[in-house]
Amino acid sequence: MSDSSAETSDSSNFIRNIIDADLASNKVSTVVTRFPPEPNGYLHIGHAKSICLNFGIARDYNGRCNLRFDDTNPEKESVEYVNSIRRDVEWLGFSWYSNPFASDYFDQLYAYAIDLIKQGLAYVDSQNADEIRANRGTLTEPGVDSPYRDRSSQENLQLFEAMRNDEYEDGEHALRAKIDMQSPNINMRDPVLYRIRHATHHNTGDKWCIYPLYDFTHGLSDAIEGVTHSLCTLEFEDHRPLYDWILDNLETPSRPVQIEFARLQLEYTLTSKRKLNMLVNEGHVSGWDDPRMLTISGMRRRGFTPESIVSFCDAIGITKKDSTIEMGVLENALREDLNVRAVRRMAVINPLKVVIENYPADQEEFFDGANHPQNPDYGTREVPFSREIYIERDDFMEDAPSKFFRLSPGREVRLRFAYYITCKEVIKNEAGEIESLVCSYDPESRGGKSPDGRKVKGTIHWVSARHAVDARVNLYDRLFTSANPGAAADFHQALNPDSNILMDNAKFEPSIELANNPIAYQFERLGYFISDYDSSNDNPVFNRTMTLRDSWAKIEQSR
RNA sequence: UGGGCCGUCGCCAAGUGGUAAGGCACCAGGUUUUGAUCCUGGCAUUCGUUGGUUCGAAUCCAGCCGGCCCAGCCA
């Protein structure tokens, strides 16, 4: 069970280089990081990158990493999200040093705000939101000072206290930092620190009617927790001067540093929370944990292992460069992990009946099938065989090219673990569709070898009809047909209509465990599969996690 | 066009003045009772570009070109 593949993140990156230097110069002694999601949605593959970075650094440097909920906007947040985020982080295999809410610091944050006011570095602005926006200027034009900018500390203190004491309506006043309305960096043009918001907070209830904003809260929360390296995505680069301004002007327990890295972009997927929401709300997927969604919960249901996700994150690296990762990297990480752990079974997803004419009707026998071809520790299971079997429709072709190593009229193939069979006759219905096959078998070839040493190129999988278990199988493919659905004017155009195909007539060999459980199976020659949450012995439902690599399909395509 | 950031193989990515790691993908072989896995070999005379500094530059300097981000009382 233990992970044999060394997950030593020996891959260096610019953030680890900075940490190495900080350690070498004794600037820091213990590395402290944090993963700070806002509990306003489900975690996705992009968050996994940040989780692996932050928790991975803490692990490798014998430091600490907190899971901190950045919950300063009560209207968007809920305990449902808090719980799902905790679950996902744990499922990925990480444990936090502590798990605070930014809202735990509201009292301290309020005190810091008062400190700023006393220093004359913050003021209560009584302009409304539209006026503030109008006076902020543009990217190329400076802003103009608020008429309330020069209120006395005394007046600001009174006003701010009154804001806190529920004496005003939402939007009537706001606390702003007094920095520079002419700054070329718009974030420094007197950013709003606190707004009045009469909303119930998932953690603090109705205790507060004013809430601090991200820029004021984040650095201070980092400082309170002793975070040494505050790692965030590139779009916050412009906020760093403000992050520093807050910490430079306040006496805090520690002095963290913000470092930015590039957000994950993956081909064929969407990671914008807003668009993910649309997929769910418009019914294009069954929910946040739909197996086609690259949410952590969706990937879990799809059959991804946490190890494969961590290994993917290791593979893509950390830089400041905007880049888009090819799907193949994720697929490879998944296959690599599943290949070593998946239990092999035979299942037929699109069945074609084969009658073996020279095999006695009342006879049955059992073969020992290896549960893993490379790992004998996985043992074997008994695979029943009888006169009538199912094979995959794709494994038969009436007019087959010479390179087709499977079954066709007059040709011989090996049934995995069992016998060589030769196709004698094709039975069709009135419509000319192939209904079944009549084959003969070579009793001498039992076990899959013949005494005369003749070679058969193809080996196909099969399931004994008499012993087969009926099941349903969900085939999944990428949700979008375009590599960059987010760039399209309307991502709906790029939706893949065939992203989920239900095969409701699958035949399983009897040794497959049907109820919902975490066993990863490889159905030989088909791919990796896992039982769905809804699966039961009475109503088995499996999800295809990933196909096997298929070089035959590639050859066929190029023809 | 104000400010910030980025540009090394098809996609990622090491490299921090001493002569281009690695992964994915791809190509060619070998093993194979999964056209899977596994194994072997191939795949950047060149680091956006042009100049400069230097015995020596992907690494330092300057210009140019291309891309991304910022005008929420969101995070």
Side-chain angles (χ1 to χ4, degrees), chain A residues 11-14 17 36-38 40 70-73 75-77 125 127-129 132-134 136-143 170-176 183-189 191-197 210-211 213-215 217-218 232-241 260 262 267 273 314-333 335-336 339-340 344 346 369-370 372-374 403-406 413-418 420 447-449 456-461 522-527 547-556:
Chain A
S11 54
S12 143
N13 63 52
F14 80 100
N17 291 346
E38 182 186 16
N40 69 342
D70 234 333
D71 56 346
T72 53
N73 189 359
E75 287 162 317
K76 293 189 171 176
E77 298 150 7
D125 194 348
Q127 298 182 105
N128 63 35
I132 288 182
R133 186 181 321 116
R136 183 156 30 229
T138 69
L139 293 179
T140 51
E141 299 159 319
D170 287 6
E172 257 188 86
H173 306 282
L175 184 73
R176 292 232 259 169
S183 172
N185 180 348
I186 291 188
N187 294 295
M188 299 299 271
R189 317 235 264 233
V192 173
L193 268 19
Y194 266 89
R195 78 284 222 183
I196 301 172
R197 193 71 87 230
I210 59 170
Y211 292 94
L213 277 96
Y214 167 86
D215 285 306
T217 308
H218 204 89
C232 63
T233 42
L234 250 28
E235 65 269 27
F236 290 103
E237 278 176 323
D238 289 338
H239 295 241
R240 185 166 8 107
E260 310 86 11
E267 282 188 345
K273 245 173 214 171
D314 259 6
I316 59 177
I318 299 288
T319 66
K320 290 174 84 81
K321 184 165 76 179
D322 287 307
S323 58
T324 303
I325 310 295
E326 290 179 341
M327 254 307 182
V329 181
L330 215 210
E331 294 175 353
N332 176 260
R335 289 193 181 112
E336 205 170 54
N339 177 49
V340 303
R344 310 296 134 121
M346 291 200 288
H372 190 115
Q374 278 83 34
K403 295 283 230 175
F404 187 77
F405 300 156
R406 308 173 187 182
V413 294
R414 171 166 38 231
L415 295 178
R416 169 132 244 228
F417 303 129
Y420 291 178
K449 278 190 264 285
V456 273
K457 278 196 200 110
T459 300
I460 63 174
H461 59 98
Q522 183 196 98
F523 293 165
E524 295 206 33
R525 305 209 306 130
L526 294 177
T547 58
L548 259 26
R549 227 181 231 103
D550 188 353
S551 50
W552 168 244
K554 211 184 290 175
I555 293 165
E556 262 194 322

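All values below come from the heavy atoms of this structure, side chains included, with hydrogens, waters and symmetry mates left out. What you see is a predicted model; the values in this text were computed from it and never measured. Within every chain, numbering begins at 1; the chains are lettered A, B, ... in the order of the sequence lines, protein sequences first and strands thereafter.
Side-chain N/O atoms of A:E141 and base N/O atoms of B:rG2 include no donor-acceptor pair closer than 3.5 Å. Between the side chain of A:R549 and the base of B:rU37, no donor-acceptor pair under 3.5 Å is found.
Comparing B:rA14, B:rU8, B:rA36 by their closest approach to the side chain of A:S12 singles out B:rA14. Taking every side-chain heavy atom of A:N13 into account, B:rA14 is the closest of B:rG2, B:rU8, B:rA14. Set against B:rG2, B:rA36, B:rA13, the side chain of A:Q374 has B:rA36 as its closest nucleotide. Considering only the side chain of A:I325, B:rC12 comes nearest among B:rC12, B:rC24, B:rA36. If you check B:rU34, B:rU37, B:rC6 against the side chain of A:N339, the one that comes closest is B:rU37.
Within 4.0 Å of A:R344, counting heavy atoms only, lies at least one base atom of the nucleic acid. In this structure, A:K403 reaches the bases: a heavy-atom distance under 4.0 Å links it to at least one base atom across the strands shown. At the heavy-atom level, A:F404 lies under 4.0 Å from base atoms of the strands shown. Heavy atoms of A:I318 sit under 4.0 angstrom from primed sugar atoms or phosphate atoms, though from no base atom. In this structure, A:Q522 reaches the bases: a heavy-atom distance under 4.0 Å links it to at least one base atom across the strands shown.
Computed from coordinates, the A:K321 NZ to B:rC47 C1' distance equals 11 Å when rounded to whole Å. With rounding to whole Å, A:N332 atom CG is found 10 Å from B:rC26 atom P. As a whole-Å value, the separation of A:F14 CZ from B:rU8 P is 15 Å.
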Inset, instruction - Sugar-phosphate means primed atoms, P, OP1 and OP2; the rest is base. With that split, encode nucleotides 69-75 of chain B 5' to 3' as B, S or - using protein heavy atoms under 4.0 Å. - result: BBBSBSB
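Side chain of A:D238 to backbone of A:N185: no donor-acceptor contact under 3.5 angstrom is found.
Rounding to the nearest 0.5 angstrom, the gap separating the NE2 atom in A:H461 from the OG1 atom in A:T459 is 11.5 Å.
Of the two residues near RNA chain B, A:R416 and A:T319, the one whose nearest nucleotide lies more 5' is A:T319. Ranked by how close their nearest RNA chain B nucleotide is to the 5' end, A:E336 and A:N17 are led by A:N17.
Of the charged side-chain nitrogens involved, at least one lies within less than 4.0 Å of a carboxylate oxygen, so that A:E75 and A:R197 count as a salt-bridged pair.
In this pair, A:H218 and A:Y214 present their aromatic rings tilted. The plane angle is within the 30 to 60° band.
B:rG72 has its base syn relative to the sugar, with a glycosidic angle deviating from 0 by at most 90°.
For the OP1/OP2 pair of B:rG4 and a distance below 4.0 Å, the side-chain nitrogens and oxygens of A:K320 include no atom meeting the criterion.
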